[in-house]
Amino acid sequence: MPTIPITFRNALLAALAVLFTWPAWYPQFDISVDGSCAWLYNHLWVHDRPRLAHLIFPHGPLDFLQTPLPVGDNLGWALVWNAALRWLFVVTGLRWVQARSPRVYWAYFVVLVVFLKLNMMDVLVFATVLHGVVLAFFDQNNNRPAWLAAAIGLSAVGFWTKTIIGLPCFMLVGATLLQQFALRGRWWPLLAWSLSIPAVLVAGWLVFFGQLDGFGTMLAGTFWLTVGNSAAVCHYPANNWWALGLSVAGWFAWPFLSRDRRLWWLLVLPVFAFWKYGFSREDIWHLDTTFRVLLVAVAALAFFEPTAISWRKSAVLAAIVLGFWANLRNAEGWQPYQWPGTGWKNGLDWLAHFSEKRDHFYRAGMERLQPHVLPDSVRQIIDAGTVDAFPWHYSWVAVNQLRVAPRHVIQSYAAYHPWLDQLDADFFAGPNAPDFVIFHLKPYDEGGQFRGLDDRYLLQDAPKTLEQMMDRYRIRVRHARFLLLEKTTAHHWRGAWQSLPLREGWSAQIPQKPVAVRIKGAFHKTALGRVQSLLFKDAPVFMDVRTGGVTRRIKLVPALFREGVWLAPWLELPNGREPYRLPDALDWIIPAGWTADTAAFEIEWREIDPASGWVPEFRPEMARVTAWDLLPEAVEVAPEGFSPGWFKTYGVGDTIPAELEIQAGIRAEHNGGCCQLVVSVSDATGKTVHYASTEYCPMGVGEQVYWPGSLRTVLPPEIAQPAQIKAYVWNTCKKSILVKALKGREIYR
């Protein structure tokens, strides 16, 4: 391979830029959904790499390079990799501008330093690949195929780290090869370089795992993850379409102004891929990545231009950047931008005290996980058995040092296509299934224990997987925070599935005995919906499930709805002690872009062995329920204010309810913060003896409709009377909210 032409000046400037922009690192264990994922990838890379080959997720086997933790030597290798990547990014950028526009050499160096301060690994990999393909084909004085080889290698590392890093890089390389073929008409270079891409991917897999087992499944899983993302994980804040339109118009106006359009055409697909990535979740973390990629693209277009930038071109480039930036404040989690903490002291500190800092972050991380230490009785049951965590809380495995045996799609909400769901279902039905599953539960007072990511309903996620878990695992331990499932040799399903059309009175046709029930149906995209899905994202589809007068709104994943949504309100209550009952009504919220024949929907049920613990023993209905309904019209509640509420005093001799269930329709602006549904109980002395609340945080849907937030709480059994119970909405948001339909039920046993 030819020697890469790197001048001493470029190398020295790059080293100084890396040192003086070294980022602040905080590599400690975390209990969040992303933290659990990072721990699992770090742990398996060091301790059980063969299992790592079978994970299907937007992250890849080299995820530890982006989210390193003090596990094994991961942190050290990640620091070396990031330093090398940052150095190569500056060196290739300087080499490019030196060949293309030497008059702006120092100006581009300043741009590169700014990008180092703004970016970690993801955007820097893409930008370095961009430098590589430009050097390979557009450096007229020194074309070197080694630059293209380096770009393909970096793309592969990006792909093994995270899909959204690698796919745009390969798009960039592929577009470059096609463009060169169109210009030169030579088949063999196109074919040879194209074949090198899968060859590099296969070679990397063999280096990581020593065999190709799992390689094909990983590629197929990546495809289905990409296809199903739009309808499954999107948020829906209201965008500033005037600003976004200005940005998009500027982007497509550039080729009409530029004298050299080649680079713009190379960037079209990769920038579009990052557009889809940012606007799927549309939180500030994903959308900011898209914005930083856009900055890289705009800088490249500006410095690639063969002539001086006119005022028209400057205005267009400014419109692209400023229009997109103006919309960032609409993203979930937006806050005024703060310059990232970087500097030479960070770099020298890590170099001089690496071992001490690694040990410090390990101890700090383990301390953060202490709330997940399992009771001794549960640890004794698990003993040396293997464990999986559902829906994603592998922090339990980390802090308790259990033997992890993860399923393929390690976070339930990501199994959002039947192919992915079936993959996990086959895992639990197969010989490698774990001995135990720790099934995480939300606190009972937070509107139901089966709340997942984005307030999704866990029984909507991965229905086929849950079917296998219910068949092959029994509930060994019920805890307020989790269920411990134990694998059995027996099967718990009895008989075949029964079905009936979804018609009025359907619940009366299902036998009152231990059965599990699910609803199945199909939604279809209209022509408008397909265009919206391609260019932006799918509109959300919801089902309102009303049980006992309280409504839960479930976001449906249309592809999984064909598999079924479980209807099990009795399953998610404390200790499973609840009368067997089904929802009273089901309503659909079908937006423009989707259509459905709800008359074709069906209800299925199947009997399950009571010994499995999944379905509680039949109990009669509660003795009495008293319902109340307030606020038929919406009222505005100021920040730190309280809505009109429900107040009731129970005198001496009055029966105080065993439980209270409340609901309110809340409409709140996006990024305004969270508000609280509250139940407060005070005794005869006026002292608060019970307080329960649950948050409602708008995620881009509740700001446009009234969202049915709910809270159910068990009241203390003995309260000095006369006692008073209050139920209301407390606006802890930064902005005013609207509240209506405050309703509730007093439940007596």
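Computation of the quantities below employed the complete heavy-atom set of this structure, encompassing side-chain atoms and omitting hydrogens, waters and symmetry-equivalent molecules. Index from 1, following the sequence.
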Flag if over 12 foreign heavy atoms under 6.0 Å of CG, Asp359 = yes
For His47, does the NE2 atom sit with more than 12 other heavy atoms under 6.0 Å from it, leaving out its own atoms?
-> yes
Taken to the nearest 0.5 Å, the spacing of His393 NE2 from Ile31 CD1 works out to 8.0 Å
Please tell me if the side chains of Phe274 and Phe291 come closer than 4.5 Å, counting only heavy atoms from C-beta onward.
-> no
Compute both the distance and the angle, then confirm whether Arg262 meets the cation-pi test with Phe137: under 6.0 Å from the six-membered ring centre, within 45 degrees of the axis.
-> no
Would a distance-only check, ignoring hydrogens and angles, find a side-chain to backbone donor-acceptor pair under 3.5 Å from Gln411 to Val33?
-> yes
Between Ser247 and Leu244, is there a donor-acceptor pair closer than 3.5 Å when you use the side chain of the first and the backbone of the second?
-> no
Heavy-atom donor-acceptor pair, Trp275 side chain to Thr290 backbone, under 3.5 Å | no
With Trp160 as partner, the option from Phe170, Trp205, Trp81 fulfilling ring pair (Phe, Tyr, Trp, His ring centres under 6.0 Å) is Trp205
Separation between CD (Gln179) and CG (Leu190), nearest 0.5 Å, reads 12.5 Å
Under the side chain to side chain donor-acceptor pair (under 3.5 Å) test, residues paired with Thr92 that sit two or more places apart | His131
Inter-residue atom distance Tyr108.OH - Leu94.CG, 0.5 Å rounding = 9.0 Å
Does Met366 offer a backbone N or O that forms a donor-acceptor pair with the side chain of Gln370 under 3.5 Å?
-> yes
Sequence neighbours left out, what passes ring pair (Phe, Tyr, Trp, His ring centres under 6.0 Å) with Trp334? Give chain and number order.
-> none
Does Arg261 reach the main-chain N or O of Pro255 with its side chain, forming a donor-acceptor pair under 3.5 Å?
-> yes
Qualifying residues under ring pair (Phe, Tyr, Trp, His ring centres under 6.0 Å), relative to Phe354, sequence neighbours excluded | none
Measure the NZ-CG distance between Lys357 and Asp349 for me, rounded to the nearest 0.5 Å.
-> 4.0 Å
Counting heavy atoms not belonging to Trp77, are there more than 12 under 6.0 Å from its CH2?
-> no
Output for pair (Arg51 CZ, Leu44 CG), nearest 0.5 Å, gives 8.0 Å
Do Lys276 and Asn229 touch side chain to side chain, with heavy atoms closer than 4.5 Å?
-> no
Side-chain heavy-atom pair Lys162, Asp63 within 4.5 angstrom cut-off | no
Check whether any side-chain heavy atom of Leu85 sits under 4.5 Å from a side-chain heavy atom of Leu154, and report yes or no.
-> yes
Beyond-backbone contact of Ser258 with Leu301, side-chain heavy atoms, under 4.5 angstrom = no
Which of Phe272, Trp241, Tyr236 passes ring pair (Phe, Tyr, Trp, His ring centres under 6.0 Å) with Phe536? It is Trp241
Aromatic ring centroids of Phe208 and Trp45 under 6.0 Å?
-> yes
Decide yes or no on side-chain contact (heavy atoms from CB on, under 4.5 Å) for Ser36 and Trp39, but give the supporting numbers first.
-> CA-CA 5 Å; Ser36 291; Trp39 175 83; 5.9 Å; no
Trp25 and Trp350 aromatic ring geometry - parallel, tilted or perpendicular at 30°/60° bounds = perpendicular
Give, for atom SG of Cys37 and atom CG of Asp30, the distance between the pair rounded to the nearest 0.5 Å.
-> 12.0 Å
Is a donor on one side and an acceptor on the other found under 3.5 Å between the side chain of His54 and the backbone of His408?
-> no
May I ask you to decide if Thr67's main-chain N or O and Asn42's side chain share a donor-acceptor pair within less than 3.5 Å?
-> yes
Begin from the C-alpha positions of Phe89 and Asn119 and carry the test side-chain contact (heavy atoms from CB on, under 4.5 Å) through to its verdict.
-> CA-CA 11 Å; Phe89 164 72; Asn119 294 288; over 6 Å; no
Is a side-chain donor or acceptor of Ser101 paired with a backbone partner of Val97 at a separation under 3.5 angstrom?
-> no
Is atom CH2 of Trp285 surrounded by more than 12 heavy atoms (other residues, nucleotides or ligands) closer than 6.0 Å?
-> yes
Has the side chain of Thr163 got a donor or acceptor atom that lies under 3.5 Å from a matching backbone atom of Pro58?
-> yes
In terms of ring plane angle, is the pair Tyr41 and Phe57 parallel, tilted or perpendicular, where the classes change at 30° and 60°?
-> tilted
For Tyr362, look at atom OH and say whether over 12 heavy atoms of other residues, nucleotides or ligands are found less than 6.0 Å away.
-> no
For Arg259, does the CZ atom sit with more than 12 other heavy atoms under 6.0 Å from it, leaving out its own atoms?
-> no
Trace of the side chain to side chain donor-acceptor pair (under 3.5 Å) decision for Asn239 with Asn327 = CA-CA 6 Å; Asn239 290 292; Asn327 186 65; 3.1 Å; yes
